[in-house]
Structures are given as structure tokens and as C-alpha cells.
J.: 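Sharing a structure below in C-alpha cells format, with a few things to ask.
Quick note on labels: first sequence line is chain A, next is B, and so on, each numbered from 1.
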Amino acid sequence: MAPTRSSLKTEKTPDGLRLVPKEDLVASTVEGLRTAFAKAVEGAKGGVVLDLAQVQQIDSLGITLVLGLFKSCTNQGLGFKVQGAHADLQRVFKLFNLTKFFEVTA
Amino acid sequence: MSSLTDESIISDFVTESREHLAAIEPDLLAMEQDGARVSSEVVNRVFRAIHSIKGGAGFFAFDRLKTLSHAMESVLMQVRDGKLKVSPEVMDVLLASLDRLKAMLDDLDASDAVPCEGELAQLKAILEGQGALSGQTLQGRQGDRTFDLDAEEVRSALRRGMNLYHATAYLKRDIKDKGLTPLAFLNNALSVGACLDAFVDVMAIADLGSCLDQDLPVTLLFGTVLEADLAALGLKLPAEQVKILDMKALKAQLKKADPSPEAPAPPPAPEASAAPTEAPAAGAPEAAEGATATKAARDAGPETLRVRVDLLTSLMNLAGELVLGRNQLIRAVGPQQRNIPGLTPILQNINQVTTEMQEGIMQTRMQPIGTVFSRFPRIVRDMSRQLGKQIDVQVKGAEVELDKSIVEMLVDPLTHIIRNSVDHALEAPEERKKAKKAPAGSIFLNAYHEGGQVNIAISDDGRGINAKKVLEKALAKGLVTKAQAAEMTEREIVNLIFAPGFSTAEQVSEISGRGVGMDVVRTNVERLGGHVEVETELGVGTTVRLRLPLTLAIIPSMIVGVGSQRFAIPQVNVVEFVWVKAAEVSQRIERVQGALVLRLRDKLLPLVRLSDVLGIPRTYRDPDTGEVVLDRRDVLDRRQGETEEPGRGPDRRQDWRSDHNIVVLKVGHNAFGMIVDELYDIEEIVVKPLSRYIQGLKTFSGATIMGDGRVIMILDASGLATAGNLHFLDLQAEEKKRAEEERRTAALKASRRRSVILLEGGGGERFAVPQDHVLRLERLEPRAIDHIGDREYVEYRGEGLPLVRLDTHLAVRALDPSLREYFMVLPKVPGAPPGARPPAGILISSILDALDVEVELKPLSFDGPGLLGSAVVSDHLTVFLDPVALVQADKGGAA
């Protein structure tokens, strides 16, 4: 699926970059978001915050995409954290022990 | 040291850790070689291996092992994340640390005493040298992938009657494809049990670009009261992905463990798994299961089970006994087959099953030669660093399998050969550049099957072995005589490096190649029933080739008899059988320098009588009396027409009883014949080692039990050749001598019947040479002759051609120096390829004629090389010459 500019909001912050997906991280959106993520973090400095405030649901591919973003950030020496995750999302990250790799907050 | 002292559990941990270390050593070398281009898969593999060792060490509380592996893991993490460049210095530290880990695993009880402060300090320095990168949020915890367990939590689960399971769920195929979200999957799992721990293999992900192509495994440590099949159903996972942990062992560990308030060291978590994990070995705890599962996942092959070697050896011995029993059974009841209905299919079935069982058990002992090859890149790397050389190691055929005992015994000889290659054969980069070679030398290890044997070739592109210097050393040490040396080929000379007493350390540099202790290599390889030889080309490289049997345990052999005794000869040594009828003995068998030889298709083979070599009295059965009496005859006893006891009928020397059965055996490149009384059958024999009292007998390599229950000895072909005092070199010289005689005879015949060229020498003397021995006749001006020392040369096809004057070798007159021109006869060397340069030119005064003659040559009153005789041609006494023999004699005497 072709990426749409509206599916991802990118904000530059004093600490780095904030990525705000505007749709769920599910099979039908991950391909477009992956392209958008890759473009956004290319050449970024500092840390990357993935803001999931507007995400209601993450499926298996969504989890994989978040981990791919995390690995790309670490490969580039960028920090990574997840913010804005609602309770169910936090529960998934916690039960999979992903909070050992990056911070996940509401 | 841990209070957990279950030896079998710890033993499994040690075995698996050693496998990990052996497996990652080549990966570490690949990381160094490929630098930034190294694949993430390689780095992850190394990381996971070290991580598993760390996890196990932590679980068993081997603190030093854990500390060192943890420090290595931290450095590897930096490498994996691209924050640390792999330099030779970094690799030195990692490899040195690897060695320390090996040392600790060699003696776990004393592992805390293994000094590794240096390695720890260096690893720490590497880590600190990197500094903290900005925004490295929580990065340091990434590699922490062990199950986080609370001992009380485990105890609680056990108290509630739960079984613990190791479950693997794949995000795509087990969750998404079944219409579940990760949360739904987890909620479902929690509805049927308790999730004690879980993790996703983050390390398996490369980056954004490829992440969606991967199906990541989620690993759960899951507790439930359900039995295994129901647990899998409850988790909605395939049964093979849900494995129960050994509850008995786990409870025992918890009971033995120090019930301190601290959480127990976590068992290592399984690593990224692309295939279903395997069942844990009986008695193995979950700690061991993780690593075992990892290996299975990586191999993605059939399920495996770890079995003790001594058990396999025991099974192998039992299989051997079964084969013997089968043979004895068939021998004993075979004659009754027709009398007992149904016996034949039963025997056939037992025979078939025994064979298959024996082959199957032998297969369990087979190991890939790669287990030995894998250690050489490290050895070469370390040595080349020390010596300032650049050496690439390439391996082919690592999957070729040999019996475990052979593989183990190959370690020393191969290591010796490789060390010699690195140390002596391969040049330093500067020297290689001068020789127009690439700065980096190569060592190529190649294993392959050929002729029922395994061949291992170790090749290098180094400076090669200087045959001339090898020969000088061999002569100086009296290993060969000058006469023998004159007849040796370059290949034979080079192989003198395997002769006992050839080399000592200080000789190596003089020989410019290999040679240190190669006799030990040969001894070890021959002890395995193998053979070793070397091929070399000066300045180009050297190949040492080992030929080995697949197994030492059960081998097809030829059974032969001498007198009343039987012996087995391994079939791999048998070339052919030759039957020499009594009437043909005098034509086929003769003596050369006092030794018996067999003439076989224009070759001369040394011949021994097995009875003589083994000191068994030769006997024969008297046809009249039936008595077994001593046979006093020699092979070549030709007292034809006589009878030992006149009046007793036909001569025994001429009838079938005096036929000779000869087994032609090979030892490396050489072959010899062995006379035996009887040839029986080819049988699969089970090799039994010799008793220590007779182990020193070189003529025997073992013993076996025949179907009729009798014990027979297995003959060693190499030992027989030694005991028979066979001289292969002498025979080769004899062969050459005979070939030369035949050639001279042919030349003589040619000079008698064929066309000749008449030539004039000094003072009008006449010579004739057969036309077919002449390549060309050339005109030559005396001023064109150059002198170097006492030799004369002329330019021919752009190179100097030596000149031969007849008066130098023969009692004839010298050429007239005032002549304005000479002629030159260029001999045609038989067998030389078209366009080959002649070895020399023969100077003459003039060419008189070319004509056909029919003459009877008379002997000359003087001797000399190339002289065939004399005859009157065109009313003049003419000396007939063989120009080839003349120039070859001149070459032999040339400086």
C-alpha cells in the first residue's frame, strides 16, 4: 500500500523526533507506515519518540513494525521510546517484555 | 560454585557450551575478516552463543564464567549495534576470552580459579573506549534476554500443581493468521494458565527495511495444570511448539537451591527460533533446553538426541559381536538349510537386519571432518598475526564424515601440517609481492570421497619444497644412497620428508618449506590405516594428501591362507589377484639383485612369500601319503626333469600344486605381490585391537573372529612391505635399465635395417646415425660458438644449446679448428613432444650422404657412450652412433 502523508505526523522536538501514527498499526497500514517511518528517521539525531496516542489497535505486524523502528533507531545510535500508549497497548508491550528494551508510557 | 550439583545437568551445560564455542570461533574470524560488511546473522549467532553460556553459568552460579561471558556479550552488543568496529585488537581480546571460557569449561569446578582479569580489563577498556552515545535510552538492557523468574513464583506454580511449558508462538502464523491480536493471544493464554515470563526475539530483527518479512517468535515460560496436549490446545499452538519442562529435575533443583530471598539465577531463554523446538533430553532442565532448542532451530534439521559416546562405543562393540554371531550362525546352520523348512528366509532376514543395524550404528559414530577443520582458521589466524603474514583459509567438504575415532586421531597430524604451512611454506607479504603473488597466502582444506576412502588435501600457495635440498639432506643423513638418488623422481625425493629421521627443527629454513616432524604425521596416518603423500611445485605451492578409511571398526577384507593358518587383508589394500601357473613361474617370476620380483604387464613388482615374512614353515600335503610335510623348494626351483623322489609319479613342481596365488597389494604409490597358499573369500570382518603384548608387531593391524569361531590376524600391508625388506627404488632402477636396454636394442636394429645418415668427423673419420634418431642437421659457423667455462654453446631458437664434440667422449680425432663451417646433428629424443628442444647438438665436419644400408655391426675395440658398433659402408669403415645416448651421457657429465 502506498504511504500517505496523512498517516504519519512527524514533529521535530528539542530531543529529537516525535512520530505520531494517525491510524492503527495493523496489517493494512504497516507497509505504508514502514515507508513513512524509514523516511522520517533517516538522518535523524537524538532520540525518537513513537507517540501511539491515536492508535487503538496493534496486531502482530504492528508489533513487528514497532520493533523494526526500534532496531533502525538503535542501529543509527538514536534513542527510542513509546509514549501515549493506552492501557491495552501497554499491556501487550509489558507481557511481551518489550519494556525491557524501550520505555513505554501512557 | 553452585549448590546445584546434579552432574548430568552440568555435564549437558558443559557439552552444549563447548559446542557453542566451537561453532562461533569461525564466526568471530568472519567478523574480523568482513569488518563492517559482516552479516548481522553472524554477529547475532555469536551473541546468542555467548548469551546462552552466560545464562547457563548464571543459573549454575559459575560466577567467573558468567562474568567473563557477560563482558564479552556487552562488547558483542556494541558490535552488533554498529557502535564498535571490529578491529584485530578487539578480536584478539574476544578470542583470548573465548579461550578462557574454554579453559573454564574444561574444569568447571576450578573455573573460578581460571585467571581472566586481563581479558576482563581489556573488554572493559573496549567498552569504555566507546563512550556513551546520545539518546542511548535503555539500550544496555537489550541483550538481557534470560527468563526473569522469581523462585517463589516458580514454587507457587508448582505448589498449585502446574506443569511448566516452554512455548513458542510466531507472531504471524500463530497469532495474526489465526485472526488473533497479540493481546487476544495473551489473554487467551492467561485464561488457561500463568505466563511466568515471555519475550520477543528483538535481536532477530535487522531494521525497518526487512522487519515485516520476518515472522518473529514469542517465547513463553508458561505454567498450567493442563497436560501437554491440552496445554497446546489451550494456547492454540501446534503441539511441537509447546514442550513440557522436566518437572522432576526442576523440583529437585529448587529443593537443592539455596532458598535465599534473592531470585534464583534465571535459566537461559531459548534464542530466536525459526523452527519448532525439540524435546529436552531426559533429565535435562529447562536451562539446558534453551540451548538445545536453539541448536535444533538453527540446524532446522531432523530432531536430535544427545547420546553419550561410551554408549555408542558399547553399541558398536555389540554390533560387532552381532556380526560375528551372524557369521557363525550362517556357517553353523547353513548346511542344514535344505533340511529345515523355512530356515533360509529366517537366515536371510537375520543377515539383512544385522547388516542394517550394524550400518546404522556405525553411522551414529560418524562425524563430519568439519569438526576438525573448524579449528584451523583460528590457529592460522593467530599464527599469521604472530608471523606478520596474511593467510586466508578456505574449507571445502567439511560435511564429509569419518568414524569418530579417526576424526579425533586426525587432529594432531592435520594441525602439524597446517602449522608447517603457515610457518614455513607460506611467505611473508613482501616476499610474495616479489614473487608476483598476492600478498595474502592461501591454505585450502579439501575433503572428498574417492575409491571408498576419504581424501583430505591440505594445499597452500607458498614457496613449495625444494627437492634438491631435500635430496641433499637425505643423502647427508644416509636415508638414500647416491645410486638410489640417481634413479629417484622428483616426487619420490620430495616425499622423503616423511622418512624417519629426515627433519629436525633447524633444518626447516634450509629446506624452504615443510618438513618438521612429517614422519610423525605419516606414522599417525598409517596407524589409522591411511596413507600420506606430498606434491609440490617450487614457487607455486604444496599439497599434502591424506587417504583414510571411513571406519576402523568393520571392514571388508580378503581372507587368505598359508599352511593351516588364515589371515585377513583389508580390501582397500588389495589391487588384484594374480595366478601364476607352475609352468609359467620361470617367465613371470625372477630375481633382481637377489630378491624375487613378479613381472606384471611390463612392470616389476617386489614379491614376498607371506609364510617367509611371518616365519611360518611352508608345507604341502603329500598326495600319496596324505601327510603334511615341509616344502623345501624355493619359488624359482627349476630343477626340471628331476623328481625329489624318483618313481613317485609326475613332478610336483610342474603340476597345479605348484601354481602361485599372488595378492597384489598397494602401499601408497607402490605395489608389491604377496604369495599365499590359498585365496578364500571376501568377508566383512570386525576389527579387534591387538593385545598390548603384540601391539608392536608391524605386520598386523588387528585381529578378528571368523564365522567358524577361529581368531585370525589382520595383515598390515605397509608392515609387510617393511618386514619383507622390499626395495621399490631398486626395482624402479631395474625397470629403467631394462627399458634402456630395449631402446638400445631397437636402435641397433634400426641401424642395421633402416636409413642412416653418413657423417664425417675429425680427420676424415666416418660415422653413421639412424635417420629416425635425428631431428635436424644444421650448418654452423665456428664463430657462432660461445664458451662458458669448459662448455660450448650455440644460440638455437633464442636459447643456448650445449654442443657435444665426439672426441670428448670417444677415442676419435678432434675436428679441424681451421674449418670455416661445422655441422650440427640435433638428436631426436624418443617420446619427446613435437617441437621440444633437443638436449644438445653434436658437432661434425660434414654430412656425406643419406642412404639405406643393410649391415651387420661388429663390436668396436674401444668403448664409449652411444657406440653401436662398426661396419663397412661405401667401402669405408664406419662407426655407428646412437646420438641420443651420446648427448644424454654428455648431459650426465655436464656441470
J.: How close do A/T64 and B/L171 get, heavy atom to heavy atom, and via which atoms?
T.: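 Between these two residues, the closest heavy atoms are OG1-CD1, 3.6 Å.
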J.: Check each atom of A/Q76 against the heavy atoms of chain B and say whether the ones under 4.5 Å are side chain, backbone, both or neither.
T.: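 Interface part for A/Q76: neither.
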J.: Check whether A/L89 gets within reach of chain B through its side chain, its backbone, both or neither, counting any heavy atom under 4.5 Å.
T.: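 For A/L89, there is no contact with chain B at all, as no heavy atom is under 4.5 Å.
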J.: Between B/I175, B/L216, B/D207, B/D177, which has the largest tally of heavy atom pairs under 4.5 Å with chain A?
T.: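 Highest number of heavy-atom pairs under 4.5 Å: B/D207.
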J.: So, applying side-chain contact (heavy atoms from CB on, under 4.5 Å) with A/L95, which one of B/L220, B/V218, B/L190 is it?
T.: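 Passing option: B/L190.
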J.: Does NZ in A/K94 sit with more than 12 non-hydrogen atoms of other residues, nucleotides or ligands closer than 6.0 Å?
T.: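 Open: at most 12 neighbouring heavy atoms sit under 6.0 Å from NZ of A/K94.
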J.: When heavy-atom pairs shorter than 4.5 Å are enumerated against chain A, which of B/P182, B/S210, B/A189 gives the highest number?
T.: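 With the most close heavy-atom pairs to chain A, the winner is B/P182.
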J.: Does the side chain of B/L208 come within less than 4.5 Å of A/K71's, by heavy atoms?
T.: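 No - every pair of side-chain heavy atoms lies 4.5 Å or more apart.
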J.: Hey, which of A/G16, A/A27, A/G68, A/G62 has the most heavy atom pairs under 4.5 Å with chain B?
T.: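 Of the options given, most contacts go to A/G68.
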J.: Crowded around B/K178 NZ? As in, over 12 foreign heavy atoms under 6.0 Å?
T.: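 Atom NZ in B/K178 is packed in, count exceeds 12.
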J.: Heavy-atom cut-off 4.5 Å, strictly under: side chain, backbone, both or neither for B/L186 against chain A?
T.: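 Side chain only.
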J.: Hey, what do you get for CG (B/L212) to CZ (A/R34), rounding to the nearest 0.5 Å?
T.: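 Separation between the atoms: 4.5 Å.
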J.: My understanding is that only residues two or more places apart in sequence, or in another chain, count here; which of them pass side-chain contact (heavy atoms from CB on, under 4.5 Å) with A/L98?
T.: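 A/I63, A/L67, A/F93, A/F96, A/F101, A/F102, B/V200, B/V202.
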J.: Could you tell me whether the side chain of B/N187 reaches within less than 4.5 Å of the side chain of A/R91, counting heavy atoms only?
T.: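 Answer yes - side chains close enough.
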J.: Excluding sequence neighbours, so at least two apart, what forms side-chain contact (heavy atoms from CB on, under 4.5 Å) with B/A239?
T.: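 Once residues adjacent in sequence are excluded, the partners of B/A239 under the side-chain contact (heavy atoms from CB on, under 4.5 Å) criterion are B/A232.
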